[in-house]
Each structure stands twice: as structure tokens, then as C-alpha cells.
Protein chains: 2
Amino acid sequence: MRTVPDSETPAADGKRGPARERPTMKEVAALAGVSLKTVSRVVNEVPTVDPALVTKVRAAMDRLGFRPNLAASNLRRGDGRTHTVGLLVEDVGNPFSAAVHRAVEDFAAQREVLVLSSSLDEDPERERRMVRALVDRRVDGLIIVPASSDHRYLVAEQEAGTAVVFVDRLPTPLVGDAVVTDNREASAQGVRHLISAGHRRIAYLGDTESLPTARDRYAGYRDAIREAAARGCVADPGLVVQGLRTVEAADAAVSELLSGPDAPTALFTSQNLVTIGAVQALHRTGSQHRVAVVGFDDIPMAQVLDPGVTVLAQQASEIGRLAAQLLFARMAGDTAPARAHVVPSRLIQRGSGEIPAA
Amino acid sequence: MRTVPDSETPAADGKRGPARERPTMKEVAALAGVSLKTVSRVVNEVPTVDPALVTKVRAAMDRLGFRPNLAASNLRRGDGRTHTVGLLVEDVGNPFSAAVHRAVEDFAAQREVLVLSSSLDEDPERERRMVRALVDRRVDGLIIVPASSDHRYLVAEQEAGTAVVFVDRLPTPLVGDAVVTDNREASAQGVRHLISAGHRRIAYLGDTESLPTARDRYAGYRDAIREAAARGCVADPGLVVQGLRTVEAADAAVSELLSGPDAPTALFTSQNLVTIGAVQALHRTGSQHRVAVVGFDDIPMAQVLDPGVTVLAQQASEIGRLAAQLLFARMAGDTAPARAHVVPSRLIQRGSGEIPAA
DNA sequence: CTGAAAGCGCTTACAG
DNA sequence: CTGAAAGCGCTTACAG
């Protein structure tokens, strides 16, 4: 009995240090006593392999803990699909992005495709860098919530075979399919809802005007106010506050509006942080049962608050699902002209939007 | 002048149909009039290349829209890093998972590493399938919120060089580093907080007992109650309701508890859906200013509600950041024994937990 | 039904 | 400073 290791079995033991490398098909083949090609057939479940060999190969794979290297197989394989798609959102941590992400993942997972995601934080430069990082990994397709305002750089990627679908905002120019919310129409609907409850002095509390979605929502507000001019609706610039990006800013803006001389009797808020800030201000000043609110974007706990908060809820899951569906259709060869798809928001009445004008 | 295309420049034009393939280094080399190897040097920014050649190669790359194939370079490259890590969470759409995800992404992005994520929905079988899918893509490391209860199958992956870190729950056995919340200690702290406000009949409303985290939180509740037995704290089984998984179930359980004979004066709720349901029941029955609540997990709008909801907030971002830090240390060669790291939760007093006993 | 050769897009190791 | 050869782990195309 020898106590010193010898070198009769060169590849059998951890010669290269503690972490032994991943076994290759070649090693599996050697252990099973077949050719590399037969192992490849077993891995790819080619049905014409002798069952006895299949058993031997399977045993060798299990013994070595073999896992095929997908990247290596794709290199020579005809279609070259990585079975991975990229998803660029504003922030994987925020509820809208997270809901879109989950819907995309569900659609992809059913097709054995994984999702490589990244947050852009509204940074156009980061959008370009991440697209490049994803292309270098050869994702089969790309879903992007745009942060930049010029998407011509993506045309080359599409021509090279990477499908691209945009979400939440239209690309400029329209270089690919897009799935967006009905920002303008839904906002108008929300404001009309307040008008029909008798309100005539309706404030608009909105996000930065530089965001296209914010502009569309403001346009919808003005549409509804203008329509009701004959019924006495006031287009008072003093009722419009934009550039609100935080709960605190919205809270302060509402407090100031309500303490002023010609205070509004109703508020239309353009996104969820603004809605939360507005609701907070109303509760703090005890005016939550007197001043009506309709918000764009659903907010958590909206039905637990008293009154419940009436909102236009974007259908984030449906947006994500549709985007994924369009992407996979493109990946499968669909070459129809690019178009924008609008997913309607839903008005959810919970109380705050149904408070009548005093 | 010829009007019919000829074949003098074989690779110059779209011969293979509408979608032209991605250019390779070979094609760039041909266009630039240098060898493949020189293009490789330029791509990898090797400093010793003649500046004139660099310029020519760069021009050829831009003209063809060349993008290196990361998978192909990794194949021969020594370290074989894909610069991609896998993240398996309960549901990318839920707030805890999303916050962990964002923290992991931030840590990874600084190191030019992307995140491939997937939701497990508490399905052990899905955990195994997704680990396999990620290993097949040769991720450099793996962060897992376990859904299964036996993690020995991961030892082979670790030996093959894939770093693994667990989050939120300990692996069984402890086959890798783990980052968990102080479930038991924080729960005890929350219940002690209610006891110090004078409460003696404190209900426990909890999730399914089969979840280890739920068990730990219940243990913390019992610890605190037992400690205060001398001060008259009651360990009444009638005050304990477990198996609550939805807002509705928690709401119903609280309604029933409050309408019973020996109703509690305070509630300890073990996770956010249960807390939301409890708060909803209290508001509906008008007892929100009378019955105290402390919840485990922060809930949205907690400071907007009246009273604000006192909670033990898990530090999801810190958990994600630490998990990523540990993972990258392992990927860099750290071979210290695996250990569990506990991230403390923070007690946030907002009003509901400070209501004194009647 | 099985296997030896060539090749995918790139890097390493080695000459010049 | 530059390039021709061999090789990464696998598949394709072709013989047997």
C-alpha cells in the first residue's frame, strides 16, 4: 500500500488546487468510454443513441457533476440563441419597474429564457453602457424603458439581429415596438371624474415637465378643464404646480395651495409619490374628507386609508406581458413595421375622488 | 458603369438575407488590413499597439458596428469569468426582493458585473431548475433566497468554482455564507416595546409555521411574554393565530379576536401582509387609537396612516449589499469557513406601538 | 447508431 | 510591435 500519491490517473484528482474545474464533455467521454460526439448526443437528447451507451454516459455525467456550457454550444450552433433577454428599467427596486419585471420574467420563463436586468436611474449614458454590456453578452432581445432621447444607435443592433421593444415611453424616432400607458386620455378621464362630482377649481400637481409622460398627463388635465370651461371650470395657473419629485415636495405644495386664498376643492396628482405627498398633507391638515383627490398611478394601502384613494391604475403587469410578447414575436422573425401599443389605465374609485364639491 | 452587383467583395454586402450577422474580429481585421490578433489587442486595449494601427482598427470596428463576443473570449481566457451573477429571490415583484435586488445590482454594477435574476415563488423544484439554468450560463456567483430545505446539491457547484451566498434563510446544512435578519431577537424587542407601554394581553398574528423565519418570530414573541410572566403577561393560546398568508385572512383574524370575550389590547404581527390586514381591521372597526400594533417588516404609507404604524423594519438594502460583498469576496478567492451574518432590524416608532394599555 | 475532422469567435503561448 | 498556430467546449457536416 502506497501512502504517496502517484500520477497514474492524471485527471482523476484535484491536481490544480482546491477548487476543481468543471468537467468537460471530453472528460465525460473518457470516463464513459465513448466519443465526445456521443456525449453531445446524450446531452441534447438525440433519440438515436444506443440505450446502453445513454446509461453509461448519464452515469459518467452524474459522477463528475457535468453541466453543459451553454455559451460554448451556442458558439457553433446555428441559431446562436443565448436564451437570455435584457431588461433595462428605471429602477428594479420601484414598484412599477418590479411589476413589469415580474411579468416579463413570467413570459420568458415559460420559454426557458432568463432575464438580465439593470436599473438606469434616468441616466441616458447608463442606457448606452448597459445596452452595450447586454449586446456583448449576446442577449436575444432587449426591453428598454428609455432614459435617453435618441434611439438611432439601436438600429444597428436590430439589424444585427437583436430584437428591441420599448416600454413606458416612445423611442425617438420610433425604431421599435413600444408599449405605453394612455397617459393623456387617462388623466383627462380622472379630471372629468372630479368635474362630474361638481368640482370646478381642480389643482394639478405634477412631476418634472421634462418627462414626456408628465407632459402627456398635464395635457390630459388641460383637455378636461378646457372641455368644461362652459360649465365654469377654471384654468387658473395658480392651481398648477409642476416639478414635484418627492413626497415631501408634494406635501409642501398641497399645504401651500390649501392655505391660499382661492384654494382648490379637488386635486389631480400625476404620479404616485405626488399622490402620497398630497394624501399626507390632507390627513395632516384634517382636510381629507373635504378636498377630493384623484391620482395617476396606484399607491399601496390606497384602500386602507380613510377615505380610500381613487386612482388611475396603470396596468404594469399587462404592459410587461405585452412587451415580452412583442419581443418574442420579433425574436421569432416578425418583421411587421414597428408600432406603439397603448395599454389603458383603469379608474379605481375608493372614495377620495368621489367627495362632492362643497 | 455596372448596374448588376458583382462578387468582388464577398463579405461586404447583405448576402445572407435581410438581417446581416454580427461582424467578427476576422472581418474587422480584413477591413483594417491587419491580423486578427491585432484587432484583439485593440479591443483589449493592449498598450503596445502602433497608434496608426489602432486608428485603422477602430475605424473598421465603428464602420462594421463591431461588438466583441464576451462568451467567445471567455472560452479561451484563463479566468473564464462571465461577469454575471445569478440572483434567486422569492418574487422580483415584491418589495423585499426588489430592495435586495437593487442593492445587489448596485454592488455588482460598480464592478461591471450584471445580474441574472429569477423568482422562485417558494418552489423547491424551481430553485433547482433555476440554479441549473444559471450554472449552464456559467454565472460567477449565486445569491439565493432558499425555497428548498436541502442545499447539499450546491456543494458540487461550489467545488466547481461557483460562489454561493444565501439570503433571508439559512441553508441546510450551512453550506455557504448567509445573511439573515434577527427575526427572533427583533420580535422579542417589538413585544417588549408593547409590554413597556403597559400591555399584558398581546396577540400574535403570524404566517405559516412551516416557514423558518415565521417560527423564529413566534419564538421571539414567546421569549418576551415569558420574561414578563411575573409582571402579569398572559401566554394565552387564544391570543395566537398562525397560518395567515393574506391581508384578508389577517383582517378576519383580528376582527374575530377583538369581538371575543378576552380581547387583546395589543397586537404583534409577523409580516407585512398580516400587518396591513390588522391595520385595515382596526380602522374599519374604529379601534385604531385604542388597540396597539407593532409589526415585523415595514409597510408602505406607514407614516401617512393615523396613527402611524410602528414596525421593526428589516434592512433589505443592507442585507443585499452585504450578501453581494460576501459573494464577491468568495469569487475573489476567500476560503474562510462559511458563516451566518445577522443584520439587525430597526424599531421605528410611529404611534401605533406607543398606544398605552387601557 | 457512432466517431474523426473542421469550425464557431475569440485568447494564449510562442515566434519573428 | 505584429502575426501564424493551437486551443477553449462545444456543434456541424460528413464518413463509416
Side-chain angles (χ1 to χ4, degrees), chain A residues 11 16 20-58 60-61 64-83 135-139 160-161, chain B residues 11 16 20-58 60-61 64-83 135-139 160-161:
Chain A
R16 304 181 201 166
R20 116 173 119 261
E21 303 293 316
R22 291 201 171 276
T24 66
M25 276 195 181
K26 196 173 160 191
E27 298 173 61
V28 173
L31 182 61
V34 299
S35 77
L36 206 181
K37 179 64 214 178
T38 295
V39 178
S40 170
R41 288 194 176 97
V42 172
V43 168
N44 292 294
E45 294 177 328
V46 173
T48 56
V49 181
D50 181 338
L53 289 188
V54 173
T55 308
K56 272 166 62 180
V57 170
R58 285 257 159 75
M61 294 198 311
L64 296 175
F66 174 79
R67 285 274 87 214
N69 182 329
L70 216 65
S73 43
N74 278 333
L75 207 51
R76 186 64 169 87
R77 204 186 285 278
D79 63 351
R81 292 268 173 249
T82 55
H83 287 261
V135 165
D136 290 355
R137 285 167 181 76
R138 295 297 186 269
V139 292
Chain B
R16 304 178 200 167
R20 117 174 117 261
E21 303 292 317
R22 290 201 172 277
T24 67
M25 276 194 180
K26 197 174 159 189
E27 296 172 64
V28 172
L31 183 61
V34 299
S35 77
L36 207 181
K37 180 62 212 177
T38 295
V39 177
S40 170
R41 289 194 177 97
V42 172
V43 168
N44 292 293
E45 296 177 326
V46 173
T48 56
V49 182
D50 181 339
L53 289 188
V54 173
T55 307
K56 272 165 66 178
V57 171
R58 285 257 159 76
M61 295 197 310
L64 296 176
F66 173 78
R67 284 275 87 213
N69 182 331
L70 215 64
S73 43
N74 277 334
L75 208 50
R76 187 63 170 88
R77 204 187 285 276
D79 64 351
R81 293 267 172 248
T82 55
H83 286 260
V135 165
D136 290 355
R137 286 167 179 76
R138 295 296 187 268
V139 292

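On a predicted model such as this, the values are computed, not experimentally measured, just so you know.
- The side chain to side chain donor-acceptor pair (under 3.5 Å) check on B/Arg67 picks up A/Asp136, with sequence neighbours excluded.
- A/Thr38 has no side-chain polar atom (N or O) that falls below the 4.0 Å cut-off from OP1 or OP2 of C/dT2.
- Residues passing the side-chain contact (heavy atoms from CB on, under 4.5 Å) test with B/Lys37, sequence neighbours excluded: B/Ser35, B/Ser40, B/Arg41.
- Within the structure, side chain to side chain donor-acceptor pair (under 3.5 Å) pairs that include any residue of residues 46-58 of chain A do not occur (at least two apart or interchain).
- Applying the side chain to side chain donor-acceptor pair (under 3.5 Å) test to A/Arg138 and every residue at least two apart in sequence or in another chain returns nothing.
- Stem regions for DNA chain D, each three or more consecutive Watson-Crick or G-U pairs with both distances under 3.5 Å and listed by first number, read C:1-3 with D:14-16, C:5-12 with D:5-12, C:14-16 with D:1-3.
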Enumerate all atom pairs, one protein N or O and one N or O from nucleotides 8-12 of chain D, separated by less than 3.5 Å.
| from | atom 1 | to | atom 2 | distance (Å) |
| --- | --- | --- | --- | --- |
| D/dC8 | O2 | B/Arg76 | N | 3.3 |
| D/dG9 | N2 | A/Ala72 | O | 3.2 |
| D/dC10 | OP1 | A/Asn69 | N | 3.0 |
| D/dC10 | OP2 | A/Met25 | N | 2.6 |
| D/dT11 | OP1 | A/Asn44 | OD1 | 3.4 |
| D/dT11 | OP1 | A/Asn44 | ND2 | 2.8 |
| D/dT11 | OP2 | A/Ser40 | OG | 2.5 |

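- Listed by chain and residue number, B/Thr84 satisfy the side chain to side chain donor-acceptor pair (under 3.5 Å) test with A/Arg137 (two or more places apart in sequence, or in another chain).
- The side-chain contact (heavy atoms from CB on, under 4.5 Å) test applied to B/Ala30 returns no partner, not counting sequence neighbours.
- Listed for the B/Asn74 side chain is no donor-acceptor partner under 3.5 Å among the backbone atoms of B/Gly80.
- By the side chain to side chain donor-acceptor pair (under 3.5 Å) test, A/Thr82 is found to be paired with A/Asp140, residues two or more places apart in sequence or in another chain being considered.
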